[in-house]
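For the numbers below, each heavy atom of this structure counts, side chains included, while hydrogens, waters and symmetry mates do not. This one's a predicted model, so the numbers in the text were calculated from it and none came from an experiment.
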Amino acid sequence: MKQAKFFIGQIVHHKLFNYRGVIFDVDFEFLGGEEWYDKVAKSRPSKYQPWYHVLVDNAKHQTYVAESNLSVSDNSNPINNPFLENYFSGLKNGIYQLNLPKN
């Protein structure tokens, strides 16, 4: 199994498009469709690397990003995205904490 460099709850920076976001899911290789890849993945990153679902800071959307296009963000300020609370309970030591199911 491939190992991901980044993890859920980590704040990252997109190297090509210069935005921050927080990872809320990881695919160990590209699981999107060919049409999406051809239309959206302009830099043609390898499909055979981890891909991350990222809530974008100061936006109302998410992105699907290849690991090679990400780096750890130097800025650990909170992310502003309306869907943040769907996945995370808060920020602790620069890492978002996953919502845990309540019994």
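Expressed to the nearest 0.5 Å, how far NZ of K5 lies from OG of S71 amounts to 8.0 Å. Annotation: the span from N75 atom CG to D57 atom CG amounts to 8.0 Å, rounded to 0.5 Å. The CG atom of L70 lies 6.0 Å from the NE2 atom of H14; values are rounded to the nearest 0.5 Å. Rounded to the nearest 0.5 Å, atoms OH (Y96) and CD (Q10) are 13.0 Å apart.
Considering every non-hydrogen atom in both V26 and A4, the closest pair reads CG1-CB, 4.0 Å. Summarising the geometry of L98 relative to S89, their closest heavy-atom pair is O-OG, 3.9 Å, with the distance given to 0.1 Å. Heavy-atom minimum distance, S76 versus G94: CB-CA, 4.2 Å. Of all heavy-atom pairs between V22 and L84, the closest is CG1-CD1, 3.6 Å. The heavy-atom pair separating S43 from N69 by the smallest distance is OG-ND2, 3.7 Å. Across all their heavy atoms, W51 and S46 have their closest contact at NE1-O, 3.2 Å.
Separation of the Y64 and F30 ring centroids falls under the 6.0 Å cut-off.
V54 and W36 are members of different hydrophobic clusters when ILVMFWY side chains are connected at heavy-atom separations under 4.5 Å. Note on L16 and Y52: same hydrophobic cluster, where clusters join Ile, Leu, Val, Met, Phe, Trp and Tyr whose side-chain heavy atoms are under 4.5 Å apart, directly or indirectly.
In D38, the CG atom is crowded: over 12 heavy atoms of neighbouring residues, nucleotides or ligands sit closer than 6.0 Å.
Residues satisfying the side chain to side chain donor-acceptor pair (under 3.5 Å) test with N80, not counting sequence neighbours, are N58.
For the pair Y37/R44, a side-chain contact is recorded, criterion being any heavy-atom separation below 4.5 Å from C-beta on. Residues Q62 and F83 form no side-chain contact, since every pair of their non-hydrogen atoms from C-beta on lies 4.5 Å or further apart. Looking only at side-chain heavy atoms (C-beta outward), I11 and L91 come within less than 4.5 Å of each other. Counting heavy atoms from C-beta on, the side chains of Y19 and V65 come closer than 4.5 Å.
Across Y87, F7, F6, a single residue satisfies ring-ring contact (aromatic ring centres under 6.0 Å, His included) together with F24, and that is Y87. Results of the side-chain contact (heavy atoms from CB on, under 4.5 Å) test with H53 over T63, D25, I23, I8 single out D25 as the only residue that passes.
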Item to complete: Carefully, step by step, assess D74 and H13 under the rule side-chain contact (heavy atoms from CB on, under 4.5 Å).
Response: CA-CA 8 Å; D74 292 334; H13 176 260; over 6 Å; no
